[in-house]
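Just below is one structure, and these are the notes that go with it.
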2 protein chains.
Amino acid sequence: MKNKSNIRDVAAAAGVSVATVDRVLNKRPGVRAQTVAKVEAVLKQLSYRPDVYAARLSKNHSLRLVFVVPRGHNSFMDLLVEALHETAENLAYERCFIDIRFVDAFDGQAVAATLNSLTPEDGDGVAVVAPDAPLVAEAINGCIARGLRLVTLVSDLPSSSRQHFVGIDNVAAGRVAGRLLGRFCAGQCGSVALIAGSMTLRDHVERHLGCKQVLQAGFPNLKVLPVEEGQDLAEPTASAARELLNKHPDLIGIYNIGAGNRGLVKALREYPGRQIITIAHELTAISRQALVDGTFDAIICQDPAHEVRSAVRLLRSLCEGGEIVRSQERIRIEIFLHDNLP
Amino acid sequence: MKNKSNIRDVAAAAGVSVATVDRVLNKRPGVRAQTVAKVEAVLKQLSYRPDVYAARLSKNHSLRLVFVVPRGHNSFMDLLVEALHETAENLAYERCFIDIRFVDAFDGQAVAATLNSLTPEDGDGVAVVAPDAPLVAEAINGCIARGLRLVTLVSDLPSSSRQHFVGIDNVAAGRVAGRLLGRFCAGQCGSVALIAGSMTLRDHVERHLGCKQVLQAGFPNLKVLPVEEGQDLAEPTASAARELLNKHPDLIGIYNIGAGNRGLVKALREYPGRQIITIAHELTAISRQALVDGTFDAIICQDPAHEVRSAVRLLRSLCEGGEIVRSQERIRIEIFLHDNLP
DNA sequence: CTAAAAATGATGTACGTTGATCATATATAG
DNA sequence: CTATATATGATCAACGTACATCATTTTTAG
């Protein structure tokens with residue numbers, strides 16, 4: 001815990017000039033391998049690391065990040081954008097500027113087009129919320145080929161060469177939903193229904209998978225109905241829920257994999273006699289209210305503000321070569337019950 | 001999102017010298033109120049904020065923080081100390097040095113003595129894990145009177161003048177435990193037992209309170225037995241569990257409020273015929289294994305690494321006058337099931 | 001052994017703020 | 001109207017790194 005050593009100390013200890021240490025540190029050419037080794041030994045011995053503040057000041061380089069996010073898609077995305085604005089405001093005083101590019105809806109074509117238009121002129125790093133389509137993966141690879149650093153946000157494209165994924169493990173989230181659904185239905189027999197936004201969305205497929213796994217393996221008393229699709233919209237989700245309630249008098253549980261909570265709540269309220277264990281995703285005004293009044297039994301969340309901060313930290317590290325503290329970047333699967341709402 | 005303005009821009013815009021702007025910024029005396037107002041108007045208009053990096057570099061001031069934590073208390077504290085070491089290592093390169101002061105066990109006297117010995121010579125800020133005793137609260141107030149910034153960690157002393165509490169809402173945590181216990185026992189009747197470490201510890205009292213509230217209000221099928229005390233140690237906790245299992249054939253649930261999970265697991269394994277829904281706190285090697293093999297049904301956690309980082313950020317803001325991003329400092333009540341272990 | 005090439009040293013400027021000092025301008029008291 | 005406060009301007013040296021330039025030394029090729 002002693003005082004930090006600076007570049008001068010290193011030079012003195014290695015018996016070379018400051019200029020040479022600088023050359024080694026910044027991998028500039030013109031230093032004999034032997035000298036490099038000597039300097040690096042001293043660097044390690046003194047556990048030298050450049051002073052972050054001096055370095056940033058000296059480089060006087062602003063980090064420019066581009067966030068590509070769907071506009072007006074759903075309440076969760078609204079929260080994400082809100083967090084983005086808030087973070088951007090704070091970051092402006094740390095030499096980091098965020099440019100938000102909205103793409104209309106969750107449209108692979110549009111996202112790909114936007115990504116393809118990005119060059120190092122536009123920014124140093126990119127975070128993108130995109131569906132897992134080949135077109136998009138290709139566009140991501142293009143960005144990286146052009147020298148941009150890129151992370152996927154909320155929804156992953158593991159087939160692309162994105163440098164990180166910032167978001168939750170959706171299979172695990174699905175398993176949690178299945179477990180809660182199963183246990184909350186303890187002692188009962190009946191059907192449970194899963195409503196996805198669309199089974200073309202990777203995160204929905206993964207949640208569905210996880211949930212079904214757990215239910216089938218651990219809860220033989222429950223019959224898992226074929227998955228419905230609510231297009232992440234209120235009305236289609238409401239229709240799907242109504243149909244399920246009508247068609248299956250033994251329905252005792254619903255897991256809403258995607259968005260459209262507004263519709264689900266509306267439909268459930270039309271059947272006050274039915275006691276349906278309901279689990280949904282993301283904490284918004286609607287879902288929060290539903291949890292408070294007992295319409296929902298649990299909400300599974302990811303914290304959009306944390307995701308934004310994590311994406312920024314990761315991109316900064318990728319661009320400026322800093323350390324990554326893994327544990328800090330783990331996006332938690334948060335579980336909210338009636339009792340621990342923030 | 002334009003380029004940052006610097007102190008020179010402000011001076012030019014306000015029609016004063018850089019020195020005067022500096023006087024205003026750092027609240028130095030010798031500036032007419034009228035001039036102050038003029039400069040401040042420009043500051044706001046240009047939304048100027050001093051460059052963090054230049055400021056830190058110039059001040060060339062290292063932040064020294066003291067963490068007062070119990071040694072060898074339990075696995076959770078071990079995790080906390082581990083996180084502390086890791087964080088300290090990273091922070092050393094950001095001009096922040098952490099000094100860990102161990103106090104023997106969870107002893108108010110010892111903590112108070114350590115706190116009383118701290119002066120601005122020892123550090124700029126203090127984070128302390130301490131029981132909620134008047135002696136400790138007094139020592140905390142003393143630290144603050146001496147000009148130190150102080151936050152409580154994990155366990156709060158709201159009666160003291162500590163500047164922040166870094167930890168979870170323990171009443172809410174207890175409510176979550178109660179809710180899960182209640183719902184996981186759905187369809188059954190019987191007794192549930194709560195085992196605290198000691199009902200003199202504030203966090204244990206709060207968890208007990210929250211849990212009992214929820215169980216009594218929402219689950220009339222369950223009878224809440226009088227709270228037992230396991231002293232946060234394996235053996236006493238095991239004894240308490242054994243006695244409960246022997247004395248109450250209708251026991252169907254246990255909530256271990258404090259530590260001593262090792263003992264609880266041991267006792268439960270001695271009664272393989274009994275199906276006891278069990279909820280405990282903190283993710284350690286023992287509790288993790290118990291969750292995996294089904295001995296435990298849920299674990300409620302706080303992330304010690306997050307708590308350490310949060311404490312550091314808060315103390316840094318308090319000492320250096322930075323911004324506090326509230327949402328980033330919210331310590332989550334994490335819930336782990338068999339399905340979402342990290 | 002010499003010439004060219006490569007490695008290293010010495011030195012300086014820039015980054016934006018802090019926190020001084022000293023000089024000068026303006027306001028206020030007597 | 002002077003004498004004295006008070007305000008303000010001008011200037012400078014840190015802080016530690018990055019990066020550039022030019023001089024000098026050492027190494028290598030021929």
Self-check item: Length of the NZ-C1' vector between B:Lys59 and D:dC15, whole Å
Solution: 12 Å

Quiz item: Considering all heavy atoms of both residues, which atom of A:Val308 and which atom of A:Phe67 are nearest to each other, and what is their separation?
Solution: O-CZ, 4.4 Å

Exercise. Write down the distance between NE2 (A:His61) and C1' (C:dG16), rounded to a whole number of angstrom.
Key: 17 Å

Quiz item: Within the pair A:Asn60 and C:dG16, is there a side-chain N or O less than 4.0 Å away from OP1 or OP2?
Solution: yes

Quiz item: Taking CD from A:Glu94 and P from C:dT17, how many angstroms apart are they, rounded to a whole number?
Solution: 14 Å

Self-check item: Value in whole Å for how far the P atom of C:dG16 lies from OH of A:Tyr93
Solution: 16 Å

Quiz prompt | d(CD1, B:Ile7; P, C:dG19) in whole Å | solution = 11 Å

Exercise. Hey, could you give me each pair passing salt bridge (charged side-chain N to carboxylate O under 4.0 Å, His left out) that has a residue in residues 51-69 of chain B? Not counting sequence neighbours.
Key: A:Arg95-B:Asp51, B:Lys4-B:Asp51, B:Arg56-B:Glu320, B:Arg64-B:Asp124

Exercise. Looking only at side-chain atoms of A:Asn6, point me to the closest of D:dT8, C:dC15, D:dG16.
Key: D:dG16

Exercise. Would you kindly give the CZ-to-C1' distance between B:Arg8 and D:dT11, to the nearest whole Å?
Key: 12 Å

Practice problem: Please round to the nearest 0.5 Å and tell me the distance separating atom CZ of B:Arg332 and atom CD of B:Glu334. | Solution: 7.0 Å

Quiz item: Does the side chain of A:Asp132 reach to within under 4.5 Å of the side chain of A:Ser159, using non-hydrogen atoms?
Solution: yes

Quiz item: Do any pairs count as a side chain to side chain donor-acceptor pair (under 3.5 Å) and have a residue in residues 35-47 of chain B, sequence neighbours left out, and if so which ones?
Solution: none

Please list, pair by pair, any protein nitrogen or oxygen found under 3.5 Å from a nitrogen or oxygen in nucleotides 20-22 of chain D.
none

Quiz item: For residues 142-159 of chain B, which residue pairs qualify under salt bridge (charged side-chain N to carboxylate O under 4.0 Å, His left out), counting only residues two or more places apart or in two chains?
Solution: B:Asp156-B:Arg162

Please tabulate, one pair per line, each protein N/O and nucleotide N/O from nucleotides 24-30 of chain D that are separated by under 3.5 Å, including the distance.
none

Self-check item: Whole angstrom value for the distance that separates P of D:dC19 from CG of A:Leu25
Solution: 11 Å

Quiz item: Looking only at heavy atoms, which two atoms of B:Cys143 and B:Leu115 are closest? And how far apart?
Solution: SG-O, 3.3 Å

Quiz item: Within the structure, does a side-chain N or O atom of B:Asn26 lie under 4.0 Å from either OP1 or OP2 of C:dT17?
Solution: no

Quiz item: With a 4.0 Å cut-off on heavy atoms, is A:Val18 in touch with a base, just the backbone sugar-phosphate, or nothing at all?
Solution: nothing

Quiz item: In residues 35-58 of chain B, what residues come within less than 4.0 Å of DNA chain D, judged by heavy atoms?
Solution: B:Thr35, B:Leu57, B:Ser58

Quiz item: Name the one of A:Leu63, A:Ile324, A:Leu65 that satisfies side-chain contact (heavy atoms from CB on, under 4.5 Å) with A:Arg316?
Solution: A:Leu63

Quiz item: What distance separates B:Arg309 CZ from B:Leu314 CG, expressed to the nearest 0.5 Å?
Solution: 13.0 Å

Exercise. Verify whether one side chain among A:Thr114 and A:Ser117 offers a donor that lies under 3.5 Å from an acceptor in the other.
Key: no

Quiz item: Is the backbone N or O of A:Leu150 less than 3.5 Å from a side-chain atom of A:Gln163, with the two atoms forming a donor-acceptor pair by type?
Solution: yes

